[in-house]
Amino acid sequence: MWRFVSGLIQQGKVEAFERMLWRACKGYTIVTYAELDESLEDPETGEVIKWYVFLISFWGEQIGHKVKKICDCYHCHIYPYPNTAEERREIQEGLNTRIQDLYTVLHKTEDYLRQVLCKAAESVCSRVVQVRKMKAIYHMLNMCSFDVTNKCLIAEVWCPEVDLPGLRRALEEGSRESGATIPSFMNTIPTKETPPTLIRTNKFTEGFQNIVDAYGVGSYREVNPALFTIITFPFLFAVMFGDFGHGFVMFLFALLLVLNENHPKLSQSQEILRMFFNGRYILLLMGLFSVYTGLIYNDCFSKSVNIFGSGWNVSAMYSSSHSEEEHKMVLWNDSTIRHSRTLQLDPNIPGVFRGPYPFGIDPIWNLATNRLTFLNSFKMKMSVILGIIHMTFGVTLGIFNHLHFRKKFNIYLVSVPEILFMLCIFGYLIFMIIYKWLAYSAETSREAPSILIEFINMFLFPSSETHGLYPGQAHVQRVLLALTVLSVPVLFLGKPLFLLWLHNGRSCFGMSRSGYTLVRKDSEEEVSLLGSQDIEEGSNRMEEGCREVTCEEFNFGEILMTQTIHSIEYCLGCISNTASYLRLWALSLAHAQLSDVLWAMLMRVGLRVDTTYGVLLLLPVMAFFAVLTIFILLVMEGLSAFLHAIRLHWVEFQNKFYVGAGTKFVPFSFSLLSSKFSNDDNIA
């Protein structure tokens with residue numbers, strides 16, 4: 001009687017399995033194979049591999065035992081195979097019913113798990129926030145220390161002085177609501193450590209404070225330049241970006257962000273849009289100031305706007321007669337107008353120049369061939385004036401730092417020489433520019449000397465007398481140059497020699513001073529200041545050990561080297577930084593010329609087409625012009641002007657008085673914890 005064995009075997013064992021059956025059973029078996037359509041997972045190793053179904057037909061019980069042993073040897077999965085067709089049909093129907101039941105159970109399980117996960121997803125954000133809060137609390141508790149009884153926690157924290165009453169009330173309320181047997185209390189302790197810096201900001205000043213903090217967090221009680229950056233930063237940006245039309249578009253974009261600042265999608269948008277949103281008030285002021293400087297330049301999309309009427313009268317230059325007197329005044333006649341490619345306006349002729357334009361640059365300069373020469377001279381001098389004023393203001397702010405930190409000697413030995421060096425050279429340059437504007441008119445313009453030549457002659461002492469700007473100019477310049485030369489050695493040696501004199505003039509210093517709060521004690525300069533206060537208070541307590549500590553901590557060579565480096569950097573920096581402010585002129589010129597090129601290549605071509613197809617062509621031209629204006633002139637040029645304005649504040653302005661070596665005060669607050677959930681968060 002024929003019998004059957006069926007099962008599954010791996011693909012790689014099929015040939016060896018068939019060969020073993022042939023040798024062991026001497027050919028008395030019939031083996032049939034069929035490859036499965038799907039790969040199955042091995043229950044032992046978990047690897048997904050190909051399987052084959054086999055059916056072995058044999059005769060006799062002895063051969064059947066051999067077949068089963070060979071199947072066990074090759075780790076085949078054996079399945080019962082009835083001899084009759086009826087039994088095989090019943091088994092197949094039972095298996096199909098069981099498979100259907102398993103599919104039903106799996107689908108119901110998946111539906112249930114999906115419902116559970118959907119409910120969990122609704123509260124996952126709040127759960128993440130709760131876990132983060134718990135982790136933050138435990139992290140802060142781990143930073144506390146136990147008292148001697150190991151029953152209470154002691155936390156040493158920094159707290160703003162104005163918030164001490166609120167902290168005390170919070171501790172009392174927390175102890176009362178928690179029902180603690182030992183109430184929480186607070187004590188203020190004296191310390192010699194430098195406190196962290198806390199600068200309270202709002203949504204308007206936060207962006208400007210971030211610009212300053214990117215340079216460095218201010219030291220404790222140091223002058224904060226962010227207050228002045230609110231005005232100077234957008235103004236210097238606008239000097240480089242001066243265009244009424246572009247500034248107005250930027251102002252409208254920023255105003256749209258400000259009006260919709262409570263919209264949740266803006267605060268949780270992509271990184272680039274979120275960056276614009278966080279700096280919306282900076283953009284608002286930059287656009288507003290650009291509108292102002294655009295009106296000064298009389299520049300709106302590279303075109304001038306005639307609001308008040310030009311101060312130049314062209315008709316006064318024309319005369320139909322050819323008298324000798326009119327010929328001397330170089331008036332225009334019919335022949336001149338017909339044959340001349342360019343016509344020149346002479347302000348010396350009566351009636352031609354009727355007065356300056358009320359606000360900004362006269363619109364007639366937009367038609368002049370020497371427009372670029374005139375604007376270059378104006379913007380270059382304006383850049384130098386703004387730069388010197390900006391740097392001088394920075395040096396002046398350093399005086400307030402010296403007054404607060406009780407270093408009045410720095411005012412006389414550092415700040416005053418720096419101001420004299422700046423004003424005697426570059427302040428005098430501003431004086432010559434303004435004096436030439438006021439003292440010379442159109443009639444005497446040909447007699448006006450060159451400011452550059454006069455400024456160079458100030459240092460060269462020419463042998464021959466030159467026609468200066470004003471009487472007694474040579475004597476004034478010699479006095480200013482003498483003050484400049486005298487301020488340099490004071491700047492180099494004044495402070496080190498003064499500290500050395502203070503150091504040698506007393507014997508010891510104490511750590512406790514009446515009327516003096518020690519904020520920092522990390523430099524030789526402050527060690528000398530402590531000793532000088534002993535002299536002022538008349539302290540006669542001298543100990544041998546203190547004298548040894550003083551000699552070890554005070555290092556005159558290090559102080560001299562530091563002051564020398566600072567003085568060289570300042571003196572050379574005054575020259576390089578003044579030249580650096582010429583970027584205001586360069587970027588303003590580049591922005592105006594790029595805007596003019598864009599108008600000439602697009603809008604002028606579209607406007608010159610005849611009326612038949614002009615309207616159809618003008619619409620895509622205007623759209624293309626708007627796209628290029630936004631991406632090139634607003635985004636790219638705006639980003640360039642923004643970066644240059646940051647550089648002028650960091651390098652040219654803040655390094656005159658701002659150290660930025662402090663530590664930012666970061667209080668413990670749940671509002672500082674991010675409420676967003678990401679896959680990378682480690683909650684465990």
Side-chain angles (χ1 to χ4, degrees), residues 239 373-396 398-399 412-494 563-586 648 651-653 655-656:
V239 171
T373 304
F374 168 74
L375 291 180
N376 278 347
S377 176
F378 166 72
K379 292 182 178 180
M380 180 175 62
K381 294 173 183 177
M382 178 194 65
S383 301
V384 172
I385 293 174
L386 292 178
I388 294 173
I389 293 175
H390 199 209
M391 291 188 295
T392 306
F393 179 62
V395 177
T396 307
I399 297 177
Y412 306 107
L413 301 178
V414 178
S415 296
V416 172
E418 288 179 349
I419 293 176
L420 286 176
F421 185 87
M422 176 75 71
L423 295 182
C424 290
I425 298 179
F426 301 101
Y428 181 67
L429 178 60
I430 295 179
F431 168 76
M432 287 194 296
I433 294 174
I434 298 177
Y435 182 84
K436 185 177 178 180
W437 283 344
L438 299 177
Y440 292 89
S441 62
E443 298 178 358
T444 59
S445 60
R446 297 184 182 275
E447 302 175 1
S450 172
I451 293 179
L452 181 60
I453 299 300
E454 295 296 326
F455 189 65
I456 294 175
N457 288 338
M458 178 179 176
F459 302 94
L460 297 182
F461 297 106
S463 57
S464 60
E465 291 292 334
T466 59
H467 179 66
L469 288 171
Y470 56 90
Q473 177 180 345
H475 300 289
V476 174
Q477 292 181 168
R478 289 190 181 95
V479 172
L480 293 177
L481 199 57
L483 290 176
T484 303
V485 173
L486 292 176
S487 64
V488 173
V490 176
L491 188 60
F492 273 77
L493 302 175
Q563 184 62 24
T564 302
I565 294 174
H566 169 76
S567 303
I568 295 175
E569 180 184 3
Y570 177 80
C571 295
L572 297 180
C574 287
I575 303 172
S576 62
N577 293 345
T578 303
S580 180
Y581 276 93
L582 292 177
R583 71 184 67 239
L584 299 175
W585 157 51
L648 289 177
V651 180
E652 277 73 27
F653 174 61
N655 72 341
K656 299 293 186 297

Please give me the minimum heavy-atom distance between Val651 and Asn577, naming the atom from each residue. O-ND2, 4.4 Å

Residue pair Lys656, Glu418: steps toward the side chain to side chain contact (heavy atoms under 4.5 Å, CB included) verdict: CA-CA 10 Å; Lys656 299 293 186 297; Glu418 288 179 349; over 6 Å; no

In a table with atom names and distances, give each donor-acceptor pair under 3.5 Å that connects a side chain of residues 375-392 to protein atoms at least two apart or in another chain.
| unit_1 | atom_1 | unit_2 | atom_2 | d |
| --- | --- | --- | --- | --- |
| Asn376 | OD1 | Trp585 | NE1 | 3.2 |
| Asn376 | ND2 | Leu372 | O | 3.3 |
| Lys379 | NZ | Ser588 | OG | 2.9 |
| Ser383 | OG | Lys379 | O | 2.7 |
| Ser383 | OG | Trp585 | N | 3.1 |
| His390 | ND1 | Tyr581 | OH | 2.7 |
| Thr392 | OG1 | Ile388 | O | 2.7 |

Between Glu652 and Ser580, what is the shortest heavy-atom contact and its length? OE2-OG, 3.0 Å

Do Val488 and Ser567 come within less than 4.5 Å of each other through their side chains, counting heavy atoms only? no

Please check this pair: side chain of Gln563 against backbone of Leu493, looking for a donor-acceptor N/O pair closer than 3.5 Å. no

Atom pair CG/CG of Leu486 and Leu481 - distance to nearest 0.5 Å: 10.0 Å

Within this structure, what is the OG-NZ distance for the pair Ser450 and Lys436, rounded to the nearest 0.5 Å? 6.0 Å

Looking at every heavy atom in both Tyr435 and Leu469, which two are closest together, and how far apart are they? CE2-O, 3.3 Å

Quick one: are Tyr440 and Pro449 in side-chain contact, heavy atoms under 4.5 Å? yes

Testing the basics here: between Tyr570 and Leu491, what is the closest heavy-atom pair and its distance to 0.1 Å? CD2-CD2, 4.1 Å

Less than 4.5 Å apart, any side-chain heavy atom of Ile399 and any of Ile419? yes

How close do Cys574 and Thr578 get, counting heavy atoms only, and between which atoms? O-OG1, 2.5 Å

What heavy-atom pair brings Leu480 and Cys424 nearest, and what distance separates the two atoms? O-CB, 3.6 Å

Separation between CG (Leu452) and CG (Leu429), nearest 0.5 Å, reads 9.0 Å

Check against side chain to side chain contact (heavy atoms under 4.5 Å, CB included), Leu420 and Val490: CA-CA 11 Å; Leu420 286 176; Val490 176; over 6 Å; no

Could you pull out all residues at least two apart from Tyr428 that satisfy side chain to side chain donor-acceptor pair (under 3.5 Å)? Tyr470, Gln477

